[in-house]
Protein chains: 2
Amino acid sequence: MSTQGKVSLPVIKRLPKYYRYLTNLAADGKDKVSSSELAHMMGTTASQVRQDFNCFGGFGQQGIGYKVDVLLEEIGRLLFGSGELLPTILIGAGRLGNAVSSFIARDTNGYRLLAAFDINPELVGHQMSGVTIRPLDELESFCLENKPAVAVLCVPRQSAVDLSDELVRLGIQGFWNFSHYDLSVAHPEVTVENVHLGDSLMSLGYRLRNQDS
Amino acid sequence: MSTQGKVSLPVIKRLPKYYRYLTNLAADGKDKVSSSELAHMMGTTASQVRQDFNCFGGFGQQGIGYKVDVLLEEIGRLLFGSGELLPTILIGAGRLGNAVSSFIARDTNGYRLLAAFDINPELVGHQMSGVTIRPLDELESFCLENKPAVAVLCVPRQSAVDLSDELVRLGIQGFWNFSHYDLSVAHPEVTVENVHLGDSLMSLGYRLRNQDS
DNA sequence: TAGATTGTTAATCGATTAACAATC
DNA sequence: TAGATTGTTAATCGATTAACAATC
């Protein structure tokens with residue numbers, strides 16, 4: 001079990017989805033579930049479900065299925081570790097930043113929002129999802145003092161290019177990146193999760209126009 | 001050329017990214033680019049770039065490279081068709097809906113925002129990204145009259161389950177889905193682009209905690 | 001015991017990468 | 001012509017699916 005390093009990205013991307021469906025099952029009072037039931041709900045195959053779970057060390061019971069609470073606990077540990085929250089800062093407190101901040105602030109996701117930053121003086125000083133918006137000048141001193149591990153970027157492309165260099169220098173280990181710029185190419189040494197909303201929207205357009213469901 | 005149906009999803013997902021980088025190249029005044037230059041910028045291989053472009057019908061020049069304007073035009077046509085915008089409605093005008101609406105309203109993405117809907121009476125009547133927020137009761141009559149093709153869902157999980165059935169019944173062909181619920185399983189007959197922000201955040205957490213860049 | 005369902009190995013499928021002839 | 005780079009086929013790689021023995 002916990003055979004680190006051999007878990008592929010496709011599997012990792014499915015973990016939160018498993019977690020969601022299992023939470024629903026638990027809420028419905030189900031205590032056992034089979035790989036085929038889970039597969040049906042998730043729109044995948046029983047084979048894949050079993051294969052995925054076995055990346056970590058099978059926690060099922062042959063002939064019976066999986067216990068929902070065991071799965072929730074195991075996958076929960078994988079996703080959230082031993083419970084320590086990842087100290088996080090957000091940069092860019094516009095509309096997108098505002099919406100996104102609420103996801104980080106929810107303590108069910110495993111993060112702790114320390115502060116938000118913006119260049120716009122009109123926003124500075126306001127509260128957002130429980131933290132104060134600070135001027136960008138304070139970024140360096142804040143990071144040196146508070147050692148955030150994760151930065152969430154909700155800024156335009158051009159700012160993101162410069163900011164990411166600065167942030168990596170300041171010891172940031174991961175980015176949740178909404179900027180229109182690909183951090184993983186410039187900074188392969190950090191962990192990046194890109195959310196390119198414009199790209200997502202455009203590829204939907206392609207599929208719709210080409211009638212490919 | 002335009003050999004429909006044989007373009008795989010991974011290729012489709014890369015199209016907007018090509019489009020972005022080519023736009024930058026054009027802005028920088030470059031008129032030619034090689035597959036290896038593009039690959040370097042995008043963090044992929046020259047082989048993949050050529051393979052991708054050949055899904056549609058090679059528009060490069062052997063020995064020379066690709067002309068930036070030709071690529072932009074061809075990929076632009078793939079992404080945006082002949083220029084008609086996809087009539088779109090948005091449901092859920094909260095913080096996330098508000099942020100997301102600006103992407104749809106930008107006419108560079110190929111969509112036209114017709115209206116927004118919300119159950120919250122306090123939001124109804126306000127303007128958002130150029131359209132009026134309407135009460136959810138008007139959804140059916142609005143759809144019958146205006147025939148939107150795409151619906152953007154920025155509502156909680158439970159509402160999404162019911163709404164998607166209703167919207168498919170009303171003739172919606174595609175969803176840009178931000179709700180915490182998987183539309184593609186319930187409605188395989190429509191085109192769905194899921195953006196699960198919580199899932200994205202959780203999988204970033206896994207990777208950070210397991211030091212897997 | 002019989003039925004069910006996992007764990008795990010093997011087969012298939014598809015996407016990425018490499019190689020190279022065609023050609024500008 | 002020589003150098004460069006595409007178009008395209010072949011090889012590799014990895015992920016998904018199928019199959020089946022182990023076992024509850």
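Order of the sequence lines fixes the chain letters, A, B, ..., with proteins taken first and strands second; residue numbering starts at 1 for each chain.
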### Task
With a 3.5 angstrom cut-off on both distances, give the Watson-Crick or G-U wobble partner of D/dA18, or none if there isn't one.
C/dT9
### Task
Select base, sugar-phosphate, or nothing to describe what A/S47 touches, counting heavy atoms under 4.0 Å on all strands.
base
### Task
Give me the first and last nucleotide of DNA chain C, going 5' to 3', that has any atom under 4.0 Å from a heavy atom of chain B.
C/dA15 to C/dC24
### Query
Checking all strands, does B/S36 fall into the base, sugar-phosphate, or nothing category for heavy-atom contacts under 4.0 angstrom?
nothing
### Message
Taking the basic N atoms (NZ, or NE/NH1/NH2) and the acidic carboxylate oxygens, is any pair closer than 4.0 Å for A/K13 and A/E193?
### Response
yes
### Query
Can we say A/D199 and B/R14 salt-bridge, meaning some charged N sits less than 4.0 Å from an Asp/Glu carboxylate O?
no
### Task
Examine A/F59 together with A/Y66 and report whether their ring centres are nearer than 6.0 Å.
no
### Task
Can you label the angle between the A/H196 ring and the A/H180 ring as parallel, tilted or perpendicular, going by 30° and 60°?
perpendicular
#### Entry: D/dT23: pairing nucleotide in any strand, Watson-Crick or G-U under 3.5 angstrom
C/dA4
### Task
Name the residue closer to the 5' end of DNA chain D, choosing between A/G63 and A/T44 according to the nucleotide with the nearest heavy atom.
A/T44
### Query
Start at the 5' end of DNA chain D and walk down; is the nucleotide closest to B/Q51 or to A/Q62 reached first?
B/Q51
### Note: B/R209-A/E84 ion pair, threshold 4.0 Å (strictly below)
yes
### Message
Using a heavy-atom cut-off of 4.0 Å across all strands, would you classify A/F53 as base, sugar-phosphate, or nothing?
### Response
nothing
### Message
Do the side chains of B/D182 and A/K17 get close enough for a salt bridge, i.e. N-O under 4.0 angstrom?
### Response
yes
